[in-house]
Each structure stands twice: as C-alpha cells, then as structure tokens.
Amino acid sequence: MALSRVCWARTALWGSAATPGPYVTRRLQLVRSGLAWGGPRSSKLHLSPKSDVKSLLTYVVTKTKVISGKYHRFLGRHFPRFYILYTTFMKGLQMLWADAKKARRIKANMWKYNMKFHQLSYRDMEHLRQFRRDITKCLFLGIISIPPFANYLVFLLMYLFPRQLLIQHFWTPKQQIDFLDIYHALRKQSHPEILCYLEKIIPLISDAGLRWHMTELCTKIQRGTHPAIHDILSLRECFSIHPLGMNQLRAFQMKALSRAMLLTPYLPSFLLRHRLKSHTTVIHQLDKALAKLGIAQLTAQEVKLACYLRGLNSTHIAEERCRTWLGEWLQISCSLKEAELSLLLHNVVLLSTNYIGTRC
C-alpha cells in the first residue's frame, strides 16, 4: 500500500504515460498561459489618461497657490509699499477683465434684441459709459508701449503719474480719495468763469422776466445760497435760444464747460460742441433710466459715483445728502427737453457750487 502511494507520487511529479483527465488538462493550460503572458492586471491599479491629467493639474494648481501665498507673505513683510502696489495692480487687472466680459455681454444683448443705448437699464448704461472711458485710456497706454523697450518706460510713467495714466481700478483707496479731490478742484476752477459769463449775457436776454430770473439766480449763487429747483427750471427757455443754446455757445464758454465736465478743452470749437452735446445727452439718458429705477435702489457707492459724474464732490459728503442732491438733479433733468440740454450742462455748476459741504 505504501509502495503504491510512492509510485503514484513519482508519476505525478515526473509525468506518467497515462493521459490526464479533461479537468486537469484545462487547469494546466490556464496555468501555462498565465506564466506565458503574466498575471492578470488589477483594475485598482489602472488610471485612465484623463484621470492622470486631472490629478496632475490639481497638483500643479495646489502647489501654485501655496507658492503664491508664500510669495505674497514675503512681499508683505519685506516690501510692504511695493506689495500694496502689486496687489492693487493685480486686483485692477481682474476688475478690468470682469468689466470687459460684462460689457461684451451687454453689447451682445443689444445686438440680439436690437436695442439702443438709451433702452438699456441704468446699470448697464452706466457700465458701458464708464468702460468706454476706461478702455480709451488703456488703449493710449498700449499705443505708446508699442515701440521696442518702450514698455519699461510705460511702467515707469505709470508709477510716476498714476492719476493721469491709470484708471480707477489701479488706484489705491487713498489715491482714489486724493485724485477725486484733485479732479474736482480742477473743474471747480472753471466755475467763476462760467458764472461770470452768465452775468454778462443778461442784457442780451430779450424777455424781461427771464432777465430778472437770471439776475436773481446769479446773485443767489454769488452770495453762497444753494438755488431751489424752481429757480433753475424757470430759466429753461433761456438755454434753448441765443445766446445760451447749445448751438450758440461761444468757444471760451465751451472750453470752461468742458473743464467743468472733466473733458479736454484743447480741441477745435466744432469738436468741443460735439463732445459737450454727446456727453450731456448721455447724462440725460442716464437720468431718465435712473428715475425709472429709483434712487433708493442704488448702493452708497453708486450714489456717490452718480453725484460725482454730475459735478458734486461726493467723496466727503454723507450718503443721505448725496441722495437728496441727486433727487434734485433728477427733477431738473427729467423736466428738460432735448433742445434745453444746455441748462443741464450749466446745471453742473449751478446746482453743485453752494451745496452743503462743498464750499471751500
């Protein structure tokens, strides 16, 4: 018995003349094929190319954020002044890019629905108006940086003259207050010249009643009194005919009004007239859209920006007073016709000169 078991074991190890059964044959084939081609691959170890790329991108983004954070902390500790300029510039680029995307969306909707500028909502109209001014200044910087190595000079000029060359997105919070004060001081220099011209043309007004109202208005402003709404609206007829109509204004008066509107006065007379007309028309359209929206719907920043655009230095005036002044402006503006827009142009001076908190 023991001998037969030994013989059977030898046969199993060294082979036997007996043919193995079908089950054994199949097992041997599977084992041999496995030895020839390697073991079966585990599905857990397999990663698709998309997963590999996604994991790599996630890793790179995470590492970049970590390095960027360390770099910002290093600049903040060792170069605080430069760090403020750097962060302001980067935030400015992000805001400018966001403004460009929004402006593109607004223009696309205008094309899609066949809308005109005056048919837009107040915020869309104001966004397009401001973006056009901003992009004009940016294009000027792009043009002067075209020559070889001129970009280094442009960066130096941007650092030395940020008020003249940069838009508000790239100003620090302190610069925004300081620069707006400087701009208002510049436009306020033209106020006496504009008021003096109004006094000089009083004898040229044919209607006696209008002459009396103009004299009273000029006297009130010279005495430091803020004029009432009816004081200004009573003169609307004066500003639609000679000599105060938009088409009858003289060159030196248009230059003074251009400075009051923060527009360049160094242009020929016909271009000055065209710019004043277009600028006043846009403000009139904005006023109508704002009256439809309601001043109460505006944020504090929007109210201050709206007042500043219309001639009031709102940087140092309380929000409620700004809302009150803006309400007075809208009552006057929405009462005017297109032929009387010269009054709206002069209203930049008439309504803002003696308002509470603006006297100097």
Side-chain angles (χ1 to χ4, degrees), residues 84-107 110 117 120 123-190 254-255 257-268 271-283 285-286 301-302 304-315 345 348:
I84 293 175
L85 297 176
Y86 171 76
T87 53
T88 302
F89 183 77
M90 296 306 296
K91 289 178 181 178
L93 287 178
Q94 294 174 0
M95 289 189 291
L96 182 61
W97 178 247
D99 285 352
K101 291 195 294 185
K102 185 177 179 180
R104 182 182 179 184
R105 176 183 59 80
I106 296 171
K107 294 294 289 185
M110 291 176 65
F117 177 78
L120 296 173
R123 288 189 172 93
D124 287 348
M125 291 171 65
E126 173 61 25
H127 184 85
L128 279 185
R129 184 202 66 82
Q130 187 61 46
F131 181 72
R132 287 169 182 170
R133 291 177 66 92
D134 292 343
I135 205 65
T136 301
K137 192 175 267 191
C138 293
L139 286 176
F140 172 74
L141 286 177
I143 291 173
I144 64 176
S145 62
I146 289 177
F149 305 106
N151 53 337
Y152 299 107
L153 177 61
V154 169
F155 281 117
L156 178 62
L157 293 176
M158 288 164 56
Y159 178 77
L160 295 176
F161 307 101
R163 178 174 63 86
Q164 293 85 350
L165 297 178
L166 297 179
I167 61 177
Q168 291 190 31
H169 291 335
F170 300 98
W171 296 349
T172 63
K174 184 178 182 303
Q175 285 177 334
Q176 290 187 7
I177 297 175
D178 295 341
F179 292 168
L180 290 179
D181 286 342
I182 292 173
Y183 277 127
H184 183 72
L186 291 174
R187 68 183 177 186
K188 198 167 184 178
Q189 291 176 1
S190 63
M254 288 191 294
K255 290 182 179 181
L257 289 168
S258 296
R259 291 195 298 270
M261 300 294 289
L262 295 179
L263 301 173
T264 177
Y266 307 109
L267 292 174
L271 288 180
L272 287 176
R273 196 183 311 277
H274 174 73
R275 289 200 70 187
L276 288 173
K277 276 185 179 181
S278 60
H279 194 71
T280 309
T281 301
V282 168
I283 292 179
Q285 293 170 348
L286 283 169
Q301 183 181 8
E302 288 174 333
K304 287 183 175 290
L305 289 176
C307 290
Y308 194 89
L309 172 65
R310 290 157 178 82
L312 183 70
N313 187 13
S314 55
T315 54
L345 183 59
V348 172

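Throughout, numbering of the chain's residues begins at 1 and tracks the sequence. None of these values were measured; they are calculated from a predicted model.
Taking OG1 of T172 as the reference point, atom NZ of K91 lies at 11.5 Å (rounded to 0.5 Å). The distance from the CD1 atom of I146 to the CG atom of L141 is 11.5 Å, given to the nearest 0.5 Å. Summarising the geometry, atom CE belonging to M254 is positioned 13.0 Å from atom NE2 belonging to H274; distances are rounded to the nearest 0.5 Å. The distance from atom CG of L96 to atom NE2 of H169, rounded to the nearest 0.5 Å, is 6.0 Å. Of the inter-residue distances, the one linking Q168 atom CD with M95 atom CE reads 9.5 Å to the nearest 0.5 angstrom. Between the OG1 atom in T280 and the CG atom in L257 there is a gap of 8.5 Å [rounded to 0.5 Å].
Other residues, nucleotides and ligands contribute more than 12 heavy atoms inside 6.0 Å of the OH atom of Y183. Atom NZ of K137 has more than 12 neighbouring heavy atoms from other residues, nucleotides or ligands inside a 6.0 Å radius.
Using a 4.5 Å heavy-atom cutoff, the side chains of L305 and Q130 are not in contact. Taking the side chain as every heavy atom from C-beta outward, W171 and D178 never approach each other to under 4.5 Å. Using a 4.5 Å heavy-atom threshold, the side chains of Q175 and P162 count as touching. F161 is not listed as a side-chain neighbour of L166, based on a closest heavy-atom distance of 4.5 Å or more. Contact of the R310 side chain with the L286 side chain is registered, since non-hydrogen atoms from C-beta on lie closer than 4.5 Å. In this structure, the side chains of R259 and Q189 stay at 4.5 Å or more apart for every pair of heavy atoms.
Legend: side-chain hydrogen bond (donor to acceptor under 3.5 Å, both in side chains) pairs involving residues 156-167, not counting sequence neighbours: none detected.
Stacking of R105 on the aromatic ring of F131 is not recorded, the 6.0 Å distance cut-off and the 45° axial limit not both being met.
Heavy atoms only, all atoms of each residue included: H127 and D99 are closest at NE2-O, 3.0 Å. The nearest pair of heavy atoms linking M158 to F89 is CE-CE1, 4.1 Å. What you find for L272 and T264 is that their closest heavy atoms are CD2-O, 3.6 Å. For A260 against V348, the heavy-atom pair with the smallest separation is O-CG1, 3.9 Å. The nearest pair of heavy atoms linking G311 to H184 is O-CE1, 3.5 Å. Residues I106 and L128 approach most closely at CG2-CD1, 3.7 Å, considering heavy atoms.
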- Task: Could you give me the CA-CA distance, side-chain angles and deciding distance for L267 and K255, then say whether side-chain contact (heavy atoms from CB on, under 4.5 Å) is met?
- Result: CA-CA 9 Å; L267 292 174; K255 290 182 179 181; over 6 Å; no
- Task: Report the C-alpha distance between Q301 and K304 in whole Å, list the side-chain angles of each, state the deciding distance to 0.1 Å, and finish with yes or no for side-chain contact (heavy atoms from CB on, under 4.5 Å).
- Result: CA-CA 5 Å; Q301 183 181 8; K304 287 183 175 290; 5.9 Å; no
- Task: Please assess T281 against F117 for the test side-chain contact (heavy atoms from CB on, under 4.5 Å), listing each intermediate value before the final yes or no.
- Result: CA-CA 11 Å; T281 301; F117 177 78; over 6 Å; no
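A salt bridge does not link E126 to R123: none of the charged side-chain nitrogens sits closer than 4.0 Å to a carboxylate oxygen.
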